[in-house]
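Numbers here simply count residues along the sequence, with the first being 1. One-based numbering, in listed order, for ligands and for the atoms of each.
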Amino acid sequence: MLTRAPKGTKDVLATESYKWQYLEKKFRQVCEEFGYKEVRTPVFEHTELFERGVGETTDVVQKEMYTFEDKAGRSITLKPEGTAPVVRSLIEHKLYSGPMPLKYFYITPCYRYEKPQAGRLREFHQFGIEVFGGNHPAIDVEVINLVYNFYKALGVEGIELNINSIGCPKCKPEYNTKLREFLKDKLDSLCGTCQSRYDKNPMRILDCKNEKCQIEIKDAPLMIDYLCDECNEHFAKVKEYLDIAEIEYRVDPKIVRGLDYYTKTAFEFISNEIGSQSTVCGGGRYDGLVEELGGPSIPAVGFGMGIERLLLTLENNGIEIPKEEGLDIFIVTIGEKADKEAYKLLNNLRKSGISADKDYLGRSIKAQFKYSDKLEAEYTIVIGDDEVDKGVVSLKNMKTGAQEEVTLMSLIDELKSKLGRQ
Ligand code: ATP
Ligand code: MG
């Protein structure tokens with residue numbers, strides 16, 4: 001137990017972290033291009049925030065939350081998703097008192113007690129964005145467009161955008177009545193969770209992963225056929241703006257989305273190549289959430305994207321993430337005096353923005369060169385006691401094998417020019 005990470009968690013090893021850094025860099029870049037600013041919220045919140053903000057009838061709240069009492073008896077939950085905390089923060093700091101829309105992005109770990117499998121973990125990570133204070137359908141499309149651009153920047157193809165409208169408080173009630181009528185006779189065949197959803201939020205039943213439930217709801221009425229004029233018009237405009245942005249989409253009237261607070265536009269990006277966990281990104285409009293959590297009525301749109309699933313998608317697309325470059329310089333030393341000189345040089349190199357390392361284990365010269373190779377150093381500097389006396393070092397280009405003598409005085413300038421750091 002002691003030397004095993006908890007089930008459903010994963011270390012990102014030093015040999016893999018460049019992939020995460022690359023994705024984070026690209027995501028930040030796209031967010032910046034679109035004018036989004038980063039927010040960071042705590043890893044844990046009051047449980048009530050998620051019960052209210054994610055919704056009591058969701059799988060997340062009903063089955064998946066990491067909830068515990070802290071030492072003062074408060075109920076605390078590790079964040080299962082990124083939106084509710086951002087909304088809490090918006091309300092707490094009254095961020096809505098400034099000009100709108102507000103555009104935020106986040107990169108966060110999330111915690112859900114689920115059955116671990118490929119692309120489904122108990123600790124996973126999400127990229128997400130939220131836009132507050134905009135009703136216009138073009139904002140829904142801007143959110144979709146950001147995801148689209150992000151995938152493009154990564155070179156991902158074969159990802160399909162599915163969209164739907166899931167109505168609003170004006171048209172949902174009538175639909176819910178129709179859905180309940182449809183489900184009434186089938187109630188006994190549904191799973192326990194779905195039975196409990198029947199009264200509170202029957203639409204949630206459509207999102208159940210249980211195969212038996214899926215069969216029962218096959219011919220259920222669809223929200224899209226019951227939209228009010230406002231929702232219909234909004235949906236039509238979303239499609240229009242998607243066309244303007246030249247983003248292909250498919251309408252999937254079955255999209256419900258896992259979370260309770262969605263209204264109007266709901267969308268998913270699906271990768272057909274990562275098997276059952278194919279939803280790589282989900283999002284939509286949640287006009288009711290800010291008010292639901294005690295703030296003013298502020299419309300909002302956003303998405304959340306699982307980073308682990310994104311990595312799987314890239315892998316299955318055969319996209320290789322560029323490896324970070326190795327070290328600029330490794331210093332091989334021979335002798336005591338040289339070792340001290342090397343240490344001084346090491347500090348000066350690093351101060352000049354040149355990445356550098358040296359041997360600390362008293363290895364043989366051959367072993368030091370081997371280690372330099374392993375660190376993928378571009379150049380290796382050799383300093384012996386004789387060289388220190390003469391004020392020179394030997395510089396070896398590890399790719400070409402070319403070797404030359406350089407004075408210690410001119411070394412840093414010389415390296416900067418060789419490494420293109422002028
Ligand atoms: P699913 O239907 O696959 O359970 P979900 O509807 O619960 O997904 P959301 O709550 O919308 O997912 O979360 C947004 C994204 O976060 C998902 O599209 C997915 O990429 C990722 N995600 C969700 N749960 C997990 C998990 N347990 N492990 C890894 N990634 C996850
Ligand atoms: Mg889920």
* To do: Indicate yes or no: does Arg88 engage Glu92 in a salt bridge with an N to O separation below 4.0 Å.
  => yes

* So Phe267 and Phe269, would you call those rings parallel, tilted or perpendicular, with 30° and 60° as cut-offs? -> perpendicular

* Go through ligand 1 atom by atom and flag the ones less than 4.0 Å from a non-hydrogen atom of Leu121. => 26 (C), 27 (N), 28 (N), 29 (C)

* Would you say ligand 1 has an N or O under 3.5 Å from any N or O of Met305? -> no

* Structure fact -> Closest heavy-atom approach to atom 4 (O) of ligand 1 among Glu64, Arg122, Arg120 is made by Arg120

* Close side-chain approach of Lys186 to Ile217, heavy-atom, < 4.5 Å -> no

* Asked: Checking Lys396 against Phe369: charged group under 6.0 Å from the ring centre and within 45 degrees of the axis?
  -> yes

* **Min side-chain heavy-atom separation Tyr262-Val256 under 4.5 Å** => no

* More than 12 heavy atoms of other residues, nucleotides or ligands under 6.0 Å from CD of Gln403: is that the case? -> yes

* Less than 3.5 Å between some nitrogen or oxygen of Glu308 and one of ligand 1, yes or no? -> no

* Side chain or backbone of Asp59 under 4.0 Å from ligand 1, or both, or neither, by non-hydrogen atoms? -> neither

* Given Gly119, Ala266, Pro80, which has its nearest heavy atom closest to atom 29 (C) of ligand 1? -> Gly119

* Mutual orientation of the aromatic rings belonging to Phe27 and Phe303 [parallel < 30°, tilted 30-60°, perpendicular > 60°] -> perpendicular

* To do: Please state which part of Cys281 comes within less than 4.0 Å of ligand 1, counting heavy atoms only: side chain, backbone, both or neither.
  => backbone

* Structure fact -> One finds that the ligand 1 atoms under 4.0 Å from a non-hydrogen atom of Gly304 are 14 (C), 15 (C)

* Does at least one non-hydrogen atom of Glu81 fall below 4.0 angstrom from an atom of ligand 1? -> no

* Asked: With a 4.0 Å heavy-atom cut-off (strictly under), which part of Glu268 contacts ligand 1: side chain, backbone, both or neither?
  -> neither

* Does Ser355 reach the main-chain N or O of Leu327 with its side chain, forming a donor-acceptor pair under 3.5 Å? -> no

* Asked: Counting from 1, what ligand 1 atoms have a heavy atom of Gly306 closer than 4.0 Å?
  -> 15 (C), 16 (O), 19 (C), 20 (O), 21 (C)

* Asked: Does an N or O anywhere in Phe124 fall below 3.5 Å from an N or O of ligand 1?
  -> no

